[in-house]
Each structure stands twice: as C-alpha cells, then as structure tokens.
Amino acid sequence: MQRFQYYIDGQFLDGEARFPSVDPATGKEWADLPEAREGDVDRAVKAAEQALYNGAWSKMTATQRGKLIYRLADLVAANAQKLAELETRDTGKIIRETSAQIAYVADYYRYYAGIADKIEGSYLPIDKADMDVWLRREPIGVVAMVVPWNSQLFLSAVKIGPALAAGCTMVVKASEDGPAPLLEFARLIHEAGFPAGVVNIITGFGTSCGAALSRHPKVAHIAFTGGPETARHIVRNSAENLASTSLELGGKSPFIVFADADLESAANAQVAGIFAATGQSCVAGSRLIVERRIKDEFLTLLKGKAEAIRIGAPLDMATEVGPLATRRQQEHIAALLDKSLQSGARLITGGHRPGGEGFYFAPTILDCDGVNSPSLVNEFFGPVLSVVSFETESEALALANDTHYGLASGVFTQNLTRAHRLMKGIRAGIVWVNTYRAVSPIAPFGGFGLSGHGREGGMAAVLDYTRTKTIWLRTSDDPIPDPFVMR
Ligand SMILES: NC(=O)C1=CN([C@@H]2O[C@H](COP(=O)(O)OP(=O)(O)OC[C@H]3O[C@@H](n4cnc5c(N)ncnc54)[C@H](O)[C@@H]3O)[C@@H](O)[C@H]2O)C=CC1
Ligand SMILES: CN(C=O)/C=C(\CC(=O)O)C(=O)O
C-alpha cells in the first residue's frame with residue numbers, strides 16, 4: 001500500500017487516524033491515507049490564520065506572491081504526468097484526460113500568478129472637499145476549500161489560484177474518495193517555497209472533517225464543489241461563522257441540436273458532454289434536446305459512437321471510458337436508471353455494468369420522449385444520456401429551462417440569429433454554441449439556481465476572495481467642526 005501524509009503548517013503529518021483508498025479499476029485497496037478530524041482541522045485553520053496576519057506571506061508584495069505562484073505553475077507542469085498517474089489510479093479518471101488536464105492546470109496557476117499584482121482598489125470622487133476616500137481590496141481571510149473527487153487538481157486550482165493571488169491563506173479539504181493526487185500536490189506547494197501555513201492540505205470525511213472546517217470560527221469564506229445536498233450542510237455550517245460561500249454544484253445541462261446543425265460535430269460534442277470522464281462532470285450535457293425530424297438520424301449516429309467507445313483500464317492511453325470513482329456512484333446510477341426505466345424511459349443502448357472487477361458502467365442512452373422520467377430531473381453524475389425531442393425553437397428553450405439547475409448548456413445550429421436568441425434565453429451560467437466542455441483560465445464558470453453561485457476561473461473568481469475596505473483621509477488642517485453632526 002502506498003502511504004500518504006497531509007500538510008499542515010508546512011509539515012507533512014500522519015493525522016489523527018488513517019483510512020484506505022480503493023482503486024476504482026479493481027475495487028481493491030491500494031493506498032493508506034491520513035484522516036483529519038476536528039483537532040487537525042483546528043490546527044490547520046490556526047496555521048492559516050497565523051500565516052495570514054503574522055507570517056512572511058503577510059509582508060510580501062503582490063508581485064512577490066505572484067512569483068511564488070509562477071514557481072508553483074512550473075512545478076505542476078514538470079510533475080503533471082506523475083500527478084496524472086496518481087489521479088487516474090485513485091479516481092479512475094482516464095490517463096488520456098488527466099495528463100492533458102493537469103498540464104493545463106499549470107496554465108491556471110500562471111494566469112493567477114499574473115493577476116496577483118493587478119488587483120486594484122479605487123479612488124472615490126467623494127462629495128466632500130476636505131476628504132480623500134479610497135477602496136482597498138484585501139484578502140478575504142482564511143478560506144476553507146472543500147473539493148470533490150472528480151477533476152480534483154483542476155477543481156482545487158480554480159480555488160487555490162485566485163485565493164493565492166488575492167493574498168488569502170487556506171485549508172483545502174480533499175474528498176475522502178481519491179485524495180492522493182492533492183496530497184501529492186502539497187509537496188509542490190512546499191517545494192515552491194510558500195511560507196508555512198499559507199496552503200494547508202488535509203483529507204477526511206464530510207461529517208467530521210468537512211463539517212468542522214466549514215463551521216470553524218476563523219474561516220471567512222468557504223469555496224465548495226460537490227452535490228447540492230452537501231452544499232446545504234455547508235451553508236448551514238456557515239450560519240456558525242457567517243462565512244461567505246461560493247458553491248459549484250453540478251447540473252442537468254441541456255444539449256440542444258437543431259436539424260440544421262453539423263450532426264457529426266454535434267454527435268462528437270455530445271459524446272464529450274456525457275461520456276467523457278465517464279459522465280462524472282459537473283457540466284455534463286446529460287439532457288439531449290433534439291429536433292424531432294432528425295431525432296432518429298441523430299440517435300443512430302450517437303448510438304454508433306457510444307457503442308464504439310473503448311471501455312477499459314484507466315491507465316491505458318487507449319481507454320476512452322474508465323470506471324466510476326466509487327461503488328457508491330455505480331450503485332446510485334444503477335438505481336436511478338432502474339427508476340427511469342420503470343417510469344417508461346426506453347433503453348437505446350447500454351444500461352448495464354460490464355462484468356469483471358471495478359466500478360464500470362456502460363455508456364447509456366435513454367429515450368424519454370413522452371415520459372416523466374426521473375432521469376430528466378436528477379443528476380446521474382455518470383455516463384447516462386436522456387433524450388427528448390421538440391418541434392419549435394420555443395419548445396426547445398422551454399425544455400432547456402425546465403430544470404432547477406443552471407450550470408451549462410449547448411446549442412448546435414448554423415442559424416446565427418437563433419443562436420443569439422438562445423444564448424439570451426437559456427438560464428445557465430455557460431452557453432456553448434457549436435462546442436461543448438471547453439474551459440480556459442480566462443473564462444469564468446459557475447451556475448444559476450441549484451447549480452450554485454460565485455464564479456471560478458477568470459478575474460471574477462479573484463473578487464470572491466477579496467473584501468473591500470473604505471479608507472477616509474481628512475486633508476484639512478482646520479479643527480473638526482460641530483462634533484454632534486454627522487459629516
Ligand atoms: N459539481 C460537481 O463537480 C460534483 C457534483 N457531485 C454530485 O454530488 C453527488 C454526491 O457526490 P459525493 O461524492 O457524495 O459528493 P459530496 O458533495 O458529498 O462531497 C464533496 C465534498 O464535500 C465533503 N462533505 C460531505 N459532507 C459534508 C458536510 N456535511 N460538511 C462539509 N463537507 C462535507 C466531502 O467530504 C467532499 O470533500 C454526486 O452523485 C453528484 O451528483 C459530486 C461531486 C462533484
Ligand atoms: C468545471 N468544468 C467546466 O467548466 C469542467 C469539469 C470539472 C467538473 O466536472 O467539475 C469537467 O468537465 O471535468
């Protein structure tokens with residue numbers, strides 16, 4: 001068994017308890033992990049608070065902070081393959097994607113390194129002749145980051161990068177499922193030379209570690225990615241410390257295909273949207289909304305592509321769909337699929353767990369036309385696509401917006417004016433037109449409704465990690481007049 005430690009106050013430690021990690025490709029334990037409980041959480045938060053107000057970090061210029069983040073970016077790039085292998089081993093996400101995604105994570109850190117000394121305050125043209133007034137943007141404080149198991153180094157980079165640029169210190173809680181890559185990433189934080197306590201990386205269970213962290217009195221902001229149920233716990237916990245929150249919660253994203261679209265390209269994008277990452281993506285395009293007159297043609301194309309997917313060992317570069325991250329996910333998907341079939345949804349392909357070891361699930365397409373299927377409403381977080389069809393553009397828009405979520409969406413059409421109408425009409429934080437699952441450090445992402453609030457990526461993310469301070473400077477040498485009247 002490979003053994004990991006967590007990282008608190010610049011030290012690698014074993015933790016209050018230990019627990020095993022399971023390799024999703026085999027279902028067998030492969031790593032021995034530290035479990036943080038309340039005592040470790042408290043130590044990590046206090047280390048972060050000390051670093052924020054008293055340590056070397058608090059005295060650095062923004063440019064110096066940026067240089068440290070650049071160093072981290074270089075280390076991530078140099079170690080991308082090693083981190084990718086760990087993420088693949090621990091979560092089952094295919095090596096083909098983890099190696100590309102983690103190499104790109106280095107660019108996220110580079111982007112935020114460059115932003116560190118560009119976070120400006122402002123001067124207010126105040127309505128009093130003897131006053132100068134400014135707004136300073138300061139780090140919001142100690143940030144608790146609670147991340148899930150999917151796209152772990154990516155989902156932590158979109159939090160750690162902007163928080164470091166803003167000058168915050170942080171405690172990152174990796175998921176209890178597949179935390180090994182984040183614990184390994186801690187070594188790069190150490191090597192980059194961040195002062196002790198600036199970034200603390202722990203792992204542990206939700207109800208012990210995650211709860212203790214998110215209600216800790218010294219936490220000022222909680223950045224969370226995961227499911228809406230857990231987000232409700234996080235928000236309840238924040239009633240204790242009144243921390244602000246940013247929540248990135250997944251969705252039931254619509255993928256609309258009009259008859260005039262390039263169908264080959266749309267089908268490839270749909271495969272990317274629902275079968276890549278074995279469907280374990282917050283932005284999964286899990287509801288195909290297809291124009292009725294091309295439904296059969298498009299589904300035949302898609303079925304062919306789904307059935308040609310190479311399912312296999314995640315560490316094999318040829319594999320296109322690997323296992324799900326946990327047995328829990330596999331069981332959740334099977335149960336929701338059963339309910340959907342019972343409601344009348346018709347199986348077009350897939351629907352089964354391939355034999356053998358590991359938490360695999362076959363790429364699945366469900367025809368839900370005319371059916372009130374739970375698969376149209378609930379997130380599988382797996383490789384299951386639900387299909388409905390439409391006659392008119394307004395019907396397509398109504399179907400797209402028929403959800404409590406609002407994270408992402410895709411529109412496939414050659415009609416420019418229609419594309420513009422849909423961009424405005426769809427209630428989601430991302431609209432991809434003739435593409436899907438494209439990301440960049442420069443472009444913010446985040447949701448509406450049950451998909452959460454706050455933005456990750458782009459400059460918008462940095463602002464979530466700052467608070468403003470209003471500075472009043474009186475410029476007159478005359479004594480203050482009438483002290484009993486507000487000025
Ligand atoms: N938006 C996204 O990227 C993700 C969405 N999900 C959705 O959530 C569903 C459940 O997945 P899970 O793996 O159980 O994710 P989850 O939302 O329960 O876990 C995410 C993180 O929250 C922590 N956590 C759990 N309970 C907590 C609590 N009471 N207080 C503080 N932290 C807590 C976990 O330890 C983990 O680090 C999935 O089926 C999927 O639908 C899951 C993971 C990522
Ligand atoms: C967040 N994201 C795109 O905007 C993409 C991800 C990460 C996730 O699922 O949270 C992905 O598709 O893997």
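Indexing begins at 1, ligand by ligand and atom by atom, following the structure's order. Hydrogens, waters and symmetry mates play no part in the numbers below; they use all other heavy atoms, side chains included. A quick note: this is a predicted structure, and the numbers were derived from the prediction, not measured.
Ligand 1 has an N or O atom lying under 3.5 Å from an N or O atom of Glu176, backbone or side chain. Geometrically, ligand 1 and Ser214 share no nitrogen or oxygen pair separated by less than 3.5 Å. Considering backbone and side-chain N/O of Thr207, none are found under 3.5 Å from N/O of ligand 1. Between His332 and ligand 1, no pair of N/O atoms sits closer than 3.5 Å. Checked against a 3.5 angstrom limit, the closest N/O atoms of Thr225 and ligand 1 fall outside it. The shortest N/O to N/O separation between Phe224 and ligand 1 does not fall below 3.5 Å. The shortest N/O to N/O separation between Glu97 and ligand 2 does not fall below 3.5 Å.
Listed by atom number, the atoms of ligand 2 under 4.0 Å from Phe445 heavy atoms are 1 (C), 4 (O). Close contacts of ligand 2 with Asn150, meaning ligand atoms under 4.0 Å from a residue heavy atom, involve 8 (C), 9 (O), 10 (O). When each atom of ligand 2 is checked for a heavy atom of Leu155 under 4.0 Å away, the hits are 10 (O).
Given atom 4 (O) of ligand 2, the protein heavy atom at minimum distance is Val439 CG1, 3.4 Å. Protein heavy atom at the shortest distance from atom 11 (C) of ligand 2 is Ser281 OG, 3.3 Å. The closest protein non-hydrogen atom to atom 7 (C) of ligand 2 is Ser151 OG, 3.6 Å.
For Thr225, no heavy-atom contact with ligand 2 is shorter than 4.0 Å. Looking at Cys282 against ligand 2, both its backbone and its side chain come within 4.0 Å, counting heavy atoms. Counting heavy atoms under 4.0 Å from ligand 2, residue Glu456 does not touch it at all.
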Exercise for review: Go through Leu249 and Phe224 one step at a time and tell me if the side-chain contact (heavy atoms from CB on, under 4.5 Å) criterion holds.
Suggested key: CA-CA 8 Å; Leu249 310 179; Phe224 172 73; 3.6 Å; yes
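Among Phe255, Trp432, Tyr436, the one residue that satisfies the ring pair (Phe, Tyr, Trp, His ring centres under 6.0 Å) test with Phe412 is Phe255.
For atom 36 (C) of ligand 1, a protein non-hydrogen atom is found at a distance below 4.0 Å.
Defined by atom type and a distance below 3.5 Å, a donor-acceptor pair is present between the side-chain atoms of Glu307 and Thr349. Side-chain contact of Asn268 with Lys305: a donor-acceptor pair under 3.5 Å is present, judged by distance alone.
Looking only at distances, no side-chain donor or acceptor of His216 sits under 3.5 Å from a matching main-chain atom of Lys46. At least one donor-acceptor pair under 3.5 Å links the side chain of Arg287 to the backbone N or O of Lys252.
Closest heavy-atom contact between Leu336 and Pro374: CD1-CB, 4.0 Å.
Salt-bridge formation is detected for the pair Arg3/Asp32: a Lys NZ or Arg NE/NH1/NH2 atom is positioned less than 4.0 Å from an Asp or Glu carboxylate oxygen.
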